[in-house]
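What follows is a set of notes on a single structure, which appears directly below.
Worth knowing before you read on, the calculation uses all heavy atoms, side chains too, and leaves out hydrogens, waters and symmetry mates. Letters A, B, ... mirror the listed sequences (proteins, then strands); counts begin at 1.
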Amino acid sequence: MRRMEIIMAIVMGLCSIGLMIKSAELEIGWIPDEGPGGGAFPFWLAAGMLVCCIWIAFNWWQRTSPPSTSVEAFMDRPALILFIIAAGSLALMIGLVHLIGIYGSVPIFLVFYLRLFGNHSLRLTSALALTIPVAIFFFFEVTLKITLPKGSIEWIERVIFFPLYEIFL
Amino acid sequence: MEILDALLQGFIVALEPINLLLVIVGVTVGLFIGAMPGLGSVNGVAILLPTTFLVPPTSAIIFLAAIYYGAMYGGAISSIMLGIPGASTAVATTFDGRPMALRGEADQALTAAAVASFVGGTISVLLFTGFAPPLAEVALAFGSPEEFALMMLAFATFIGLGGDDIPKTLFSIFIGLALSAVGLDIISGEPRLIFFDIQGFFHGINFLVLAIGIYGIGEMLWTIESSRGNVRVSKAMVSVDRILGALRRTKEAVGAIFAGSFLGYFVGILPAAGATPGSMMAYGVAKMISKKPDSFGKGNISGVAAPEAANNAASTGSMLPMLTLGIPGSPTTAILLGGMVIWGLEPGPRLFVDQAEFVWGLIASLYIANLFAVLVNIAFIPAFIWVLKMPFTILAPVIFILCVVGGYAPTQNMHDVWLMFVFGIAAYLLRKLDYPMAPAVLAIVLGPLAEVSLRQSLLIAHGSPMIFFERPIAATIMAISFVLFALPLVKYIRARLSDRAAGL
């Protein structure tokens, strides 16, 4: 935990510097008759972030913040595995949306999470993997009229969704 | 009399069939969300806000406020039945609720919590009805320096009263404000902070992307990690006779309920303070005024009732600054405020003048939500217990999917979904290191308003910051802000002095 505290402070400090440089692309000083330039607000906020990171690092050095004195691991092995499975499968689902759309990636995600990770029965898994995309379609596309991404495979939308739109929209 | 007329009009709006239905659905959904460990009102409101685009703003806010209310009731259920607080606001309920459940008095604790929540909710709505219009009238005289001073006050309360690590709280505020600056400069219209020239940053960062990232994805990752151990659901015997008996027993806690209600309401008004410290303070006061303080922590009914009355009262209290000043009193109201902007409303005192139907419809709906919440709560106790047994491996993927679809819906841009994912991961990692996340959500909501009011004020004063100290209202608010900013320093110096005295 102690090591992670200083790593995070350094990473956030570097991000703050990056933000200051990015903000300075616009005027950060005073423009006559216009007031503060467009970059002033984020620039000084980023400067504030940097000061906070230095302060956090100082507290780490002084061992005054709880994480800086903690001997616990930031993430033990079981926690790391859970994190990788949960966050990784979520990232994969979002990535697959680009390729096969929401209605392809959601059932795959559900089958993985429920069947392989959760060890739930095939019946429950297939029931949820089928009903949730249908519920999403009727709620978002039919009721709210929000078109959800169908992915880059063009025929999926043409063959499956165009007829559905004809019926329900 | 004017207030009563307005409230009557509000009831006409709130009792429209669609709004009434939304209140009932909202409190029921809220109760279930609140009852799930790891999920609270803020998660429910953040994840479900995108589903409200279907209905007019008044109905949308009524629905979300009902979820907020229901979740406050629901938080007690997992505190009592599992010994795990549904949300931080229900932590104090665990102290005595869990021992009662282990003694076989779960139904008594649940009923006391429901009744206390009802009384707390009702008292706070009555106080709200009385306080809101005069405060809004005063706030109408506010110009940009006063508005900016109010923002400072909101942030200062996080520093002074939040109780978290000061540099990390400040960092959270700064990063939230900086994220709100992404997109086009609100005054000149120039592109600003367009990272790596990614087109998606041109439309700015919607506060919902951050809110769902933090309270949906980040919170789920946190709960998945922390709920690795087995949880034991207590048995509850529920029957009409037992509930009536429990209602009679709740009379013992009347003093604690009233104390909790008033305390919760006034603490709830303060941004950053809100329901969690309110309920903790109410627990302390209930113990102080009790004839049997030794029985607290061992299953005293007042120890359940006081924090429950307080957290419900605080949820209403936190709506007062949101509606009258445009400053949210809690992370949940920060998201409601952001929702109001999406629905095309301008938060602040003018709402009472320009959108009277919206404001009074919401206030009246709180009375109705309160009534339905207590009825649904008591009637559905067996259903909540069943839901609590649902494995987290079913709930988590469903919530992840809701986050992805909910994150996509407002802007219909996959860029926002990825951004939400990144914020979720970052929030999870930062939270492990004690970085508070609520100030960042409050800051991204208030950011655009804070920047405009700051720049306008400086422009009026030709760059002199003294404008914030020359106008009486702004100066007073600024002075209070500085006191709050200095509060941790004073505490630190006092602690050092007492350490030194002890060492001598």
Side-chain angles (χ1 to χ4, degrees), chain A residues 1 4-5 8 12 19 22-23 25-26 30 34-42 45-46 48-49 51-53 55-56 59 65-67 74-75 78-79 82-83 86-87 89-91 93-94 97-98 102 106 109-110 113-114 117-120 124 128 132 136 139-140 143-144 146-149, chain B residues 50-51 53-54 165-168 170-171 173-175 177-178 181-182 185-188 190-195 217 220-221 224-225 228 391-394 396-398 400-401 403-405 408-409 412 414 417-418 421 424-425 428-430 432-435 447 450-451 454-456 458-459 463:
Chain A
M1 197 69 94
M4 198 60 193
E5 172 88 333
M8 190 63 91
M12 290 297 151
L19 199 60
K22 191 79 188 155
S23 305
E25 287 175 3
L26 268 71
W30 183 266
E34 281 185 37
F41 189 66
L45 289 169
M49 282 164 62
V51 171
C52 291
C53 292
W55 190 350
I56 294 165
N59 285 347
S65 67
F74 178 70
M75 229 189 252
L82 279 175
F83 172 73
S89 60
L90 181 61
M93 173 176 78
I94 301 172
V97 170
H98 292 279
I102 281 275
V106 163
F109 174 70
L110 281 169
Y113 211 103
L114 296 171
F117 184 45
N119 285 324
H120 293 290
L124 179 82
L128 287 176
I132 289 176
I136 290 174
F139 188 76
F140 284 93
T143 317
L144 294 182
I146 293 173
T147 312
L148 295 175
Chain B
T51 65
F53 300 144
L54 182 69
D165 190 306
I166 308 295
K168 289 175 181 171
L170 273 171
F171 181 85
I173 293 170
F174 288 142
I175 201 167
L177 287 170
V182 172
D185 174 17
I186 36 184
I187 292 187
S188 69
E190 286 174 287
R192 182 167 66 174
L193 303 180
I194 310 298
F195 302 105
I217 293 171
M220 276 295 101
L221 292 172
I224 287 170
E225 188 194 324
R228 272 181 286 176
F392 207 69
T393 43
I394 296 180
V398 174
F400 279 142
I401 292 167
C403 289
V404 169
V405 182
Y408 179 83
Q412 295 172 43
M414 280 306 285
V417 178
W418 281 112
F421 175 75
I425 302 286
Y428 164 73
L429 297 174
L430 288 169
K432 280 178 82 81
L433 292 167
D434 295 347
Y435 284 76
E451 186 182 358
L454 173 67
R455 285 168 75 171
Q456 281 178 347
L458 290 176
L459 194 59

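Between the OG atom of A:Ser65 and the CG atom of B:Asp165 there is a distance of 6.0 Å, given to the nearest 0.5 Å. The structure places CD of A:Glu25 at 8.0 Å from CG of B:Leu193, a figure rounded to the nearest 0.5 Å. Distance check, rounded to the nearest 0.5 Å: CE of A:Met93 to CZ of B:Phe400 gives 8.5 Å. One finds the NZ atom of B:Lys168 at 8.0 Å from the CG atom of A:Asn59 (value rounded to the nearest 0.5 Å). Annotation: the span from A:Leu19 atom CG to B:Ile175 atom CD1 amounts to 8.0 Å, rounded to 0.5 Å.
In this structure, chain A has heavy atoms under 4.5 Å from both the backbone and the side chain of B:Phe195. Contacts of A:Ala87 with chain B are made by both backbone and side-chain atoms, with heavy-atom separations under 4.5 Å. Proximity to chain B (any heavy atom under 4.5 Å) is restricted, for A:Phe139, to the side chain, taken from C-beta onward. For chain A, the nearby part of B:Leu221 is the side chain; its heavy atoms alone come within less than 4.5 Å. Contact of B:Glu451 with chain A is made through backbone and side chain together, with heavy-atom distances under 4.5 Å. Proximity to chain A is absent for every atom of B:Ile187, based on heavy atoms less than 4.5 angstrom apart.
Counting heavy-atom pairs closer than 4.5 Å to chain A, the top-ranked of the candidates B:Leu429, B:Leu454, B:Ile217, B:Val182 is B:Leu429. Chain A forms more heavy-atom pairs under 4.5 Å with one residue of B:Gly463, B:Ala450, B:Ser188 than with any other, namely B:Gly463. Between chain A and the options B:Ile173, B:Thr51, B:Val417, heavy-atom pairs under 4.5 Å are most frequent for B:Thr51.
For the pair A:Ala86 and B:Ile224, the tightest heavy-atom approach, listed with the atom from each and the gap, is CB-CD1, 3.9 Å. The shortest non-hydrogen separation linking B:Arg455 to A:Pro36 is NH2-O, 3.5 Å. Heavy-atom minimum distance, B:Pro397 versus A:Leu110: CB-CD2, 4.0 Å. When all heavy atoms of B:Tyr408 and A:Thr147 are compared, the pair lying nearest together is CE2-O, 3.5 Å.
Residues B:Trp418 and A:Val97 have side chains not in contact (no heavy-atom distance under 4.5 Å, counting atoms from C-beta outward). With contacts defined as side-chain heavy-atom distances shorter than 4.5 Å, the pair A:Leu90/B:Met220 does not qualify. A 4.5 Å side-chain heavy-atom check between A:Trp55 and B:Ile166 finds at least one atom pair inside the cut-off.
Partners of A:Phe109 under the ring-ring contact (aromatic ring centres under 6.0 Å, His included) rule, at least two apart in sequence or in another chain, are A:Tyr113. When the ring-ring contact (aromatic ring centres under 6.0 Å, His included) test is applied to B:Phe174, no partner is found at least two apart in sequence or on another chain.
Remark: side-chain polar atoms of B:Arg192 are not paired, donor with acceptor, to backbone N or O of A:Leu26 under 3.5 angstrom. A:Lys22 places a side-chain N or O within donor-acceptor distance of the main-chain N or O of B:Ile194, the cut-off being under 3.5 Å.
Between B:Tyr428 and A:Phe83, the distance separating the two ring centers is shorter than 6.0 angstrom.
Salt-bridge check for A:Glu5 with B:Lys432: failed, with every basic side-chain N at 4.0 Å or more from each acidic carboxylate O.
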